[in-house]
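Beneath this line is the structure, given in structure tokens, with notes to follow.
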Amino acid sequence: MYGKGLKPLSIATVAMLALSLSLVFFYAPLDADQGFIQKIFYIHVPLAIVALIGFIAGGVFAILHLRSDDRKWDAYSYVAIHISVIFGVAVLITGAIWAKASWGHWWVWDEPTLVSFLIVFLLYATYYPFRYAIEDRDRQARYASVFAVTAGAFVPLNFMAVRMAESLVHPRTFATAEGGMPGEMMLTVLCMLVAIGLLWTTLVKFELTAKSASGQVKRLRRALDAPVSGGSSRIAPEVG
Amino acid sequence: MFLPLAAPALPLDEAGKYVAGAYVVFVVLLVVYLAIMAAKLQRIERELREVAALAEERKKTQVAPGRGAEEAAPHV
């Protein structure tokens, strides 16, 4: 029953996204230094935070899979990482657009925040070929869970290492020194963070529901001794 | 690499293109994802229709021999 509560969650996500985008363009004041270009941060920063939390959630689900040996948790871990990778693509592209507008370069290799996020993203990009390389479904699920736990532990370590780095060119959104951001901006960022978090949850539930429906059809085919069609992915975990 | 740390704010007409670009990227990614999911759901629906047709076919073939035997039996 992965689809339970999907409808109200989808409605809440659309409503929260609409409200947050209205706040971004009609309520939040223009930044004194960056001007209108700072509006990119309202989408870029929540996407980055939710993607990183999603990677950690993938690790937590993987721990539950390893502890219980329940394939459901492997599916949760796979889908959490899958949606976070998609969000990661959006983070890298929106960040590059901001960098081009603000710094005049699409990418800066000596900026720790950018490079560290790229490392995390590339690490998770290897998750798919890693799963694909293992034929046996049980071994695939177990090894993928070990990968998700290790990579999930790397995410906060990486985040702390970047925070401790001295050369910081990348702006800090939740700055603690010198007052931080004004209240209207903070409220807008927090609303956008909730909206993107809801979007992530909705997409995870949506993907799990689709996988569950696909799994049920396969079970029906097996019960009827009918050939199982080869259209589905060999790396995606099957959920009943 | 030289980085302009305190770059002046871009004028609105120039900054607008970048801001629109960033939000369009987000929307495009979302729409592409939803299109892929729609294709997946269509495949599941097609498979489900095939399975339903197969189940009905099996049911008919299971019922048919019984009916045939009934027809062949002499009427008393």
Side-chain angles (χ1 to χ4, degrees), chain A residues 17 21 24-25 30-44 47 83 86-87 89-90 92-105 108-111 169 196 199 203 206-207 209-211 213-221 223-226 228-229 231-233, chain B residues 1-70:
Chain A
L17 270 174
L21 287 172
V24 168
F25 291 104
L30 280 181
D31 186 75
D33 291 331
Q34 296 188 39
F36 193 60
I37 212 76
Q38 187 260 353
K39 300 277 182 197
I40 294 176
F41 271 84
Y42 295 114
I43 189 85
H44 172 74
L47 276 170
I83 301 296
I86 295 170
F87 277 31
V89 173
L92 289 172
I93 299 174
T94 53
I97 291 170
W98 177 84
K100 178 68 182 167
S102 193
W103 297 336
H105 302 277
V108 179
W109 284 107
D110 51 6
E111 217 302 302
V169 181
I196 298 293
L199 180 68
L203 294 182
F206 190 41
E207 183 95 29
T209 309
K211 285 207 187 309
S214 179
Q216 299 287 355
V217 171
K218 274 185 197 157
R219 274 176 63 188
L220 262 174
R221 274 185 182 276
L224 288 165
D225 290 329
V228 176
S229 67
S232 64
S233 164
Chain B
M1 188 185 288
F2 169 73
L3 278 175
L5 288 181
L10 289 172
L12 192 63
D13 58 330
E14 208 175 318
K17 285 187 292 185
Y18 289 105
V19 175
Y23 282 87
V24 164
V25 161
F26 171 68
V27 172
V28 166
L29 274 173
L30 204 59
V31 169
V32 167
Y33 175 78
L34 288 176
I36 292 168
M37 286 308 289
K40 271 187 194 175
L41 283 177
Q42 273 182 334
R43 199 192 68 224
I44 292 168
E45 194 193 9
R46 194 189 64 232
E47 283 181 6
L48 203 56
R49 216 179 291 135
E50 283 171 14
V51 170
L54 194 70
E56 277 173 15
E57 205 177 287
R58 291 268 170 90
K59 201 177 171 186
K60 274 183 198 165
T61 51
Q62 277 173 359
V63 169
R67 195 190 293 159
E70 209 173 84

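The figures here come from the full heavy-atom set of this structure, side chains too, leaving out hydrogens, waters and symmetry mates. Note on naming: letters A, B, ... go to the chains in the order of the sequence lines (proteins, then strands), and numbering restarts at 1 for each one.
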Please give me the minimum heavy-atom distance between Ala210(A) and Ile44(B), naming the atom from each residue.
O-CD1, 3.3 Å

Looking at every non-hydrogen atom in both residues, tell me the closest pair between Tyr18(B) and Ile40(A) and how far apart they are.
O-CD1, 3.8 Å

Are side-chain heavy atoms of Phe25(A) and Val19(B) found at a separation under 4.5 Å?
yes

Taking C-beta and beyond as the side chain, do Leu220(A) and Leu48(B) meet within less than 4.5 Å on heavy atoms?
yes

Counting heavy-atom pairs under 4.5 Å with chain B, the top scorer among Val89(A), Thr209(A), Thr94(A), Val217(A) is Val217(A)

Nearest 0.5 Å, what's the NZ-NZ distance between Lys211(A) and Lys40(B)?
4.0 Å

Could you list the donor-acceptor pairs under 3.5 angstrom formed between side-chain atoms of residues 23-39 of chain B and any protein atom two or more places apart in sequence or on another chain?
from	atom 1	to	atom 2	distance (Å)
Tyr23(B)	OH	Lys39(A)	O	2.7
Tyr33(B)	OH	Glu207(A)	OE1	2.5

Per-residue contact mode, [X] against chain B (heavy atom under 4.5 angstrom):
X	value
Leu203(A)	both
Ile43(A)	both
Phe87(A)	neither

According to salt bridge (charged side-chain N to carboxylate O under 4.0 Å, His left out), who are the partners of Glu45(B), at least two apart in sequence or on a separate chain?
Arg49(B)

